[in-house]
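So the structure is just underneath, and the comments pick up after that.
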Amino acid sequence: MSDERRYEPQEIEPRWQQLWADERTWEVTNDARAGTQAGTGGAPAAGAEAGGAGSVGKAPKSYVLEMLPYPSGEPHIGHLKCYAVGDAIAHFHRRLGHRVLHPMGYDAFGLPAENHAIKTGVHPRESTAASIASFQRQFRSWGISIDWSRELGTHEPRYYRWTQWIFLQLLHAGLAYRKEAAVKWCPNDQTVLANEQVLDGHCERCGAAVEVRQLEQWFLRITDYAERLLSDLADIDWPEHVKTMQRNWIGRSEGAEVTFRCDALDVDYPVFTTRPDTLFGATFFVMAPEHPDVLRLAQGTTYEQEVKDYINRALTESNEERGSLEKAKTGVPLGRTVTNPVNGEQIPMYVADYVLLEYGTGAIMAVPGHDERDHAFARAYGLPIRRVIEGASEPAPPDFAPVDGSGAQDGESWERSEQSLPYTGDGSLVNSHPDFDGMHNREALGAIVQWLDREAKGHASVNYRLRDWLVSRQRYWGCPIPVVYCDECGMVPVPEEQLPVELPDIEDYSPRGRSPLAAAEDWVNTKCPACGGDALRETDTMDTFVDSSWYYLRYCDAGNDEAAWDPAALAQWMPVDQYIGGVEHAILHLMYARFFTKALADLGHLDFQEPFRALFTQGMVTKDGAKMSKSKGNVVSPASIVQRSGADTARCYILFVGPPDQDADWSDEGVEGVHRFLGRLWRLAAETAEREDAPAGQTPAQPAAGGVYADGAPAPQGADLELLRKTHWAIDKVSADMRRFAFNTAIAAVMELLNECSRLRDEAAVSVQRFALSIAASLLFPFAPHVCAEVYDLLNGQRVWEQPWPQADPAMLERDVYELVCQVNGKLRDRVKAPADAGPEELKELCLMAPNVQAHLDGKEVVKEIVVPGKLVNLVVR
RNA sequence: GCGGGCGUGGUGGAACGGUAGACACGCUGGCCUUAGGAGCCAGUGGGCGCAAGCCCGUGUGGGUUCAAAUCCCGCCGCCCGCACCA
């Protein structure tokens with residue numbers, strides 16, 4: 001009796017994991033001539049072959065990569081989801097006959113390990129090693145099909161040696177540079193941050209309010225790549241919202257740079273504007289408090305002290321306070337004027353904190369008639385507001401009712417009044433210049449830019465929001481920046497043959513506003529590689545996003561100690577065919593990695609422009625609708641689920657709960673349901689495996705793709721045919737779903753197939769039953785590898801992962817009779833059986849004869865018939 | 001404010017413009033058990049009806065269509081990203 005059978009993942013899973021580890025099943029070599037994994041191990045499949053399987057030497061490559069984890073503590077549910085998705089794709093691609101590269105590594109440098117070290121004194125290397133060990137254990141217990149021979153950690157000298165090498169390449173190319181700048185400083189983490197790491201004026205990592213400091217720092221010239229980072233988005237298969245986020249972050253605006261001259265100081269101030277058409281409406285000029293010239297300008301004027309005070313206040317104010325939109329506009333006159341190049345007007349200069357140094361040139365022409373912010377400022381300080389564009393369709397005031405036309409005059413006068421300003425729409429130029437007045441502003445924009453260009457007072461210009469990437473960090477646990485400072489030679493790059501510059505051990509990890517590395521005197525004091533004299537090492541380390549900007553390249557040739565990679569290895573695997581990770585990296589990591597790829601390509605090290613051909617972003621896993629966190633106490637640990645229900649259950653559940661790109665709420669009941677399903681699959685298979693086979697001749701040699709019945713055997717019918725049809729339907733459905741990441745419906749289809757197996761258990765032939773269950777295991781294998789390997793082995797004594805992906809028999813997908821939907825006036829009224837080959841006329845007749853259709857026709861006249869063969873007939877009656 | 005996305009049973013979610021609610025959870029009833037937190041079977045959007053069946057139903061109001069959860073327009077609500085970006 002079946003009561004004795006128990007599905008025991010705790011027994012099944014380690015057994016298969018051991019076999020995969022012993023046989024190194026998921027390792028691939030860089031030798032393109034090596035065979036594929038699927039299709040080479042077993043006998044040739046009886047049925048149709050999956051594309052490519054078995055055609056040794058011609059197997060296409062597939063590089064499937066999940067974002068590498070930051071090893072801290074234990075993997076969480078988000079990791080489980082990410083790797084469950086990636087592993088499903090990796091398995092699917094293998095079974096389609098691809099050579100699949102599916103590696104794993106650790107983004108091991110970073111602040112949490114260092115902060116832990118500050119608290120406990122445990123070296124970050126040790127705590128990181130412990131976390132990595134825990135991640136390794138769990139990944140193995142999940143049965144993820146990783147090529148462990150390529151494993152890497154970004155904190156290993158044999159890895160970061162090449163991170164440093166890349167840094168030097170960028171340095172030599174002028175893409176890495178040092179500059180003093182107003183930078184974002186996190187007072188809690190005691191380090192500078194990249195623009196991308198500041199959210200709402202707070203440190204992305206720890207949440208502390210960010211301060212501005214004037215510091216000399218290392219930058220990478222990502223802005224050189226703004227245009228290509230933007231335009232190449234068109235060539236990659238990424239989710240639209242991620243592309244949009246990157247576009248917004250790059251923030252391209254077209255406009256003009258216009259020069260305003262300050263005669264008093266004999267200085268030209270260029271400003272960037274997207275609205276050169278409003279130049280004639282510029283009535284004042286504003287500079288950012290951080291602008292280096294502000295103090296000089298105010299010097300000697302009556303406003304000098306006031307300006308000083310204002311700047312001090314603005315600079316000490318947090319970004320948050322300063323950035324609030326509700327805040328009234330403030331500012332101080334500089335006591336100087338500049339010349340508006342289009343009309344020679346002298347307009348007053350101001351300093352105001354609504355102008356940002358980091359955007360454009362840090363100074364603006366203010367057009368209060370046509371810009372909300374300038375308008376608010378002008379109103380606050382009593383500055384002139386001039387209309388230079390008149391909209392043809394400016395909105396009428398709410399109380400203006402143009403019903404009878406008599407109000408037109410009122411509307412007109414209202415429209416002309418200052419109350420309708422600022423007007424930010426389009427219209428005709430007024431009060432500007434005889435050459436431009438009356439012109440539509442879009443036209444005038446181009447004309448004015450041309451004029452500026454001719455007069456050498458400006459030119460068309462494109463501005464980006466993107467800033468250069470600040471990469472130096474005043475912290476210990478990161479990749480040392482490979483340069484030294486020599487009194488004689490200045491900044492000297494460490495020669496490549498001296499790499500890696502190894503991170504020294506230190507006693508005290510506490511940050512003190514400079515890198516803790518500065519305390520390692522033996523290490524800091526060194527000799528200049530150029531002149532041999534005394535020199536000091538750079539004590540800042542690199543942002544960890546540098547480490548993760550090239551790791552996908554290293555996997556292709558992870559064991560290479562002679563070079564970062566062999567170009568032949570990259571040629572074999574890159575680019576990544578499918579990248580998988582969370583949306584939280586939509587901007588940071590994904591932009592930086594694209595930048596690295598383009599820069600390295602320009603330097604001749606790569607021959608492709610985009611690292612990740614396709615991207616899939618998985619949704620978050622929540623519990624009770626909230627993000628899991630220790631403080632909320634709603635953390636679901638993968639380890640405990642795996643222990644209780646098995647890895648197959650955990651992986652299947654996380655994919656079954658909903659579309660994987662959407663957020664999903666964890667439910668323990670849902671897990672139970674999936675566990676029951678896998679148990680049913682296993683039990684039914686175990687039971688079927690023991691049943692007597694049908695008489696010889698009806699049993700297929702292989703339950704693989706094609707037909708079950710040997711040639712010459714009678715055609716299947718009844719329950720056999722029904723089950724076969726369902727099986728081929730499932731093959732078709734799951735195959736299509738895999739390609740669109742619809743894993744939830746793929747699993748549901750296998751559930752349907754299994755339900756059908758249960759239902760027809762006693763009616764269908766054992767051979768058919770076996771076939772159906774084998775296919776169920778085969779289709780489910782990418783999600784639940786252990787139990788499916790077990791089931792397939794029980795039924796066939798074969799390794800499912802060596803079988804090509806099943807193919808549906810088109811004949812089995814067709815039905816000779818189907819249910820025709822009969823509608824009257826678009827409403828479902830009846831269903832009748834219709835032959836598959838029936839023509840429109842026949843279908844119409846069938847529909848007309850359907851009893852419930854007749855009831856609804858009831859003498860009415862049929863005015864139109866819509867016939868959709870294979871689907872429905874709709875009768876329109878009157 | 002700008003950009004992107006989403007609104008479907010008690011719940012998670014299905015549905016090339018063509019049978020709304022697949023699959024699963026939960027719930028109800030039954031079978032089997034000394035027992036059930038095991039397994040199996042049946043039912044389960046709302047309303048009316050003994051039934052056949054009828055009516056209503058995908059946030060909301062319009063529109064296109066023989067036919068709309070799906071396409072278009074206007075609202076309402078929620079989520080995400082950016083945000084004084086000149």
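- Residue A/Thr274 places its side chain closer to B/A86 than to any other of B/A86, B/A24, B/G81.
- As a whole-Å value, the separation of A/Asp371 CG from B/G1 P is 16 Å.
- Residues passing the side-chain hydrogen bond (donor to acceptor under 3.5 Å, both in side chains) test with A/Arg725, sequence neighbours excluded: none.
- Centroid-to-centroid, the aromatic rings of A/Phe616 and A/Phe741 come within less than 6.0 Å.
- Across all strands shown, A/Ser667 has no heavy atoms under 4.0 Å from either base or sugar-phosphate atoms.
- As rounded to whole Å, 12 Å separates atom C1' of B/G37 from atom NE2 of A/His675.
- Within the nucleic acid shown, A/Gly251 has no heavy atom closer than 4.0 Å to any nucleic acid atom.
- Toward the 5′ end of RNA chain B lies the nearest nucleotide of A/Glu819, the other residue of the pair A/Glu819 and A/Glu752 mapping further downstream.
- Applying the side-chain contact (heavy atoms from CB on, under 4.5 Å) rule to A/Asp732 yields the partners A/Ala808, A/Leu813; only residues at least two apart in sequence or on another chain are considered.
- The distance between atom CG of A/Asp665 and atom P of B/C79, rounded to the nearest whole Å, is 15 Å.
- Side-chain atoms of A/Asp624 and A/Asn634 form no donor-acceptor pair, as typed in the model, at a separation below 3.5 Å.
- In terms of heavy atoms, A/Ala749 sits closest to A/Lys733 at CB-CG, 3.6 Å.
- If you take CG of A/Leu681 and P of B/A24, they are 13 Å apart, rounded to a whole angstrom.
- Picking from B/G81, B/A86, B/G4 the nucleotide with the shortest atom distance to the side chain of A/Ser253 gives B/A86.
- Per the geometry, CG belonging to A/Asp353 stands 15 Å off C1' belonging to B/A86, to the nearest Å.
- The CG-C1' distance, from A/Asp663 to B/C78, rounds to 13 Å in whole Å.
- Residues passing the salt bridge (charged side-chain N to carboxylate O under 4.0 Å, His left out) test with A/Glu819: none are found, sequence neighbours excluded.
- In this model, no donor atom of one side chain and acceptor atom of the other lie less than 3.5 Å apart for A/Gln769 and A/Arg691.
- The gap from the C1' atom of B/G61 to that of B/C66 amounts to 24 Å, rounded to the nearest Å.
- Ring pair A/Tyr269/A/Phe260: centre-to-centre distance not below 6.0 Å.
- B/G9: glycosidic angle within 90° of 0, hence syn.
- With sequence neighbours left out, A/Asp668 forms a side-chain hydrogen bond (donor to acceptor under 3.5 Å, both in side chains) with A/Trp666.
- Taking 4.0 angstrom as the limit, A/His856 places a side-chain polar atom (N or O) nearer than this to OP1 or OP2 of B/C54.
- Among the protein residues, A/Asn755 comes within range of the sugar-phosphate backbone only, with heavy atoms under 4.0 Å from sugar or phosphate atoms but none that close to a base.
- Nucleic acid contact for A/Phe677: none, since no nucleic acid atom lies under 4.0 Å from a heavy atom of the residue.
- In terms of phosphate contacts, A/Arg829 brings a side-chain nitrogen or oxygen within less than 4.0 Å of OP1 or OP2 of B/C54.
- Using a 4.0 Å heavy-atom distance criterion, A/Arg247 is classed as making no nucleic acid contact.
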*Test A/Arg467 against A/Glu358 for salt bridge (Lys or Arg N to Asp or Glu O under 4.0 Å), laying out the working first.*
CA-CA 8 Å; A/Arg467 303 288 89 202; A/Glu358 56 266 30; over 6 Å; no
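- A donor-acceptor contact under 3.5 angstrom links the side chains of A/Asp468 and A/Thr223, judged on distance only.
- Of all the residues in residues 359-368 of chain A, A/Tyr359, A/Ile364 reach under 4.0 Å from RNA chain B with at least one non-hydrogen atom.
- With the 3.5 Å cutoff on both pairing distances, Watson-Crick and G-U pairs in RNA chain B assemble into runs of at least 3 at B:1-7 with B:76-82, B:10-12 with B:23-25, B:26-31 with B:39-44, B:45-48 with B:53-56, B:59-63 with B:71-75.
- Closest-nucleotide positions on RNA chain B for A/Ile747 and A/Asp374 were compared, and the one nearer the 5' end corresponds to A/Ile747.
- Distances shorter than 4.0 Å separate none of the side-chain N or O atoms of A/Asn248 from OP1 or OP2 on B/C85.
- The closest side-chain heavy-atom distance from A/Val657 to A/Val621 is not below 4.5 Å.
- Within 6.0 Å of the CZ atom in A/Arg878, the count of heavy atoms belonging to other residues, nucleotides or ligands does not exceed 12.
- Comparing the P positions of B/G53 and B/A20 gives a spacing of 15 Å, expressed to the nearest Å.
- Residues passing the side-chain contact (heavy atoms from CB on, under 4.5 Å) test with A/His675, sequence neighbours excluded: A/Tyr7, A/Pro9, A/Ser645, A/Thr649.
- Whole-Å rounding puts the A/Glu358 CD to B/A86 P distance at 13 Å.
- With both ends at atom P, the span from B/A69 to B/G18 equals 10 Å, rounded to whole Å.
- For A/Arg465, the listed nucleotide lying nearest its side chain is B/A83; candidates were B/C23, B/C40, B/A83.
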Using the 3.5 Å cut-off, write out each protein N or O paired with an N or O of nucleotides 14-16 of chain B and the distance between them.
from	atom 1	to	atom 2	distance (Å)
B/A14	OP1	A/Asn744	ND2	3.1
B/A15	OP1	A/Arg740	NH2	3.4

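- When only modelled atom types and interatomic distance are considered, A/Thr745 and A/Asp737 share a side-chain donor-acceptor pair under 3.5 Å.
- Look at the C1' atom in both B/C41 and B/U8: the space between them is 30 Å, to the nearest Å.
- In summary, the side chains of A/Asn852 and A/Asp830 do not present any donor paired with an acceptor at a separation below 3.5 Å, with no hydrogens or angles considered.
- The closest side-chain donor-acceptor pair between A/Tyr310 and A/Thr330 falls under 3.5 angstrom.
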Nucleotides 26-34 of chain B: which of its N/O atoms have a protein N/O under 3.5 Å away?
from	atom 1	to	atom 2	distance (Å)
B/G26	OP2	A/Arg676	NH2	3.3

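- Counting heavy atoms from C-beta on, the side chains of A/Val873 and A/Ile866 never come closer than 4.5 Å.
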Quick test: give all pairs of protein nitrogen or oxygen and nucleotides 62-71 of chain B nitrogen or oxygen below 3.5 Å, distance rounded to 0.1 Å.
from	atom 1	to	atom 2	distance (Å)
B/C66	OP1	A/Lys864	NZ	3.3
B/C66	O2'	A/Asn874	ND2	3.3
B/C66	O2	A/Asn874	ND2	2.6

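- Under the rule for a side-chain contact (heavy atoms from CB on, under 4.5 Å), the partners of A/Thr244 that lie at least two apart in sequence or sit in another chain are A/Glu240, A/Arg247, A/Asn248.
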*What do the steps show when you test A/Phe284 against A/Tyr381 for ring pair (Phe, Tyr, Trp, His ring centres under 6.0 Å), and what is the final call?*
CA-CA 11 Å; A/Phe284 56 102; A/Tyr381 291 86; 8.9 Å; no
For nucleotides 41-52 of chain B, list the nitrogen or oxygen atoms of the protein found under 3.5 Å from its nitrogen or oxygen atoms, one pair per line.
none

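- Taking the six-membered ring wherever Trp is involved, the centroid distance between the rings of A/Tyr350 and A/Phe285 does not fall below 6.0 Å.
- Taking atom CG on A/Leu357 and atom C1' on B/C85, their separation rounds to 13 Å, with Å as the unit.
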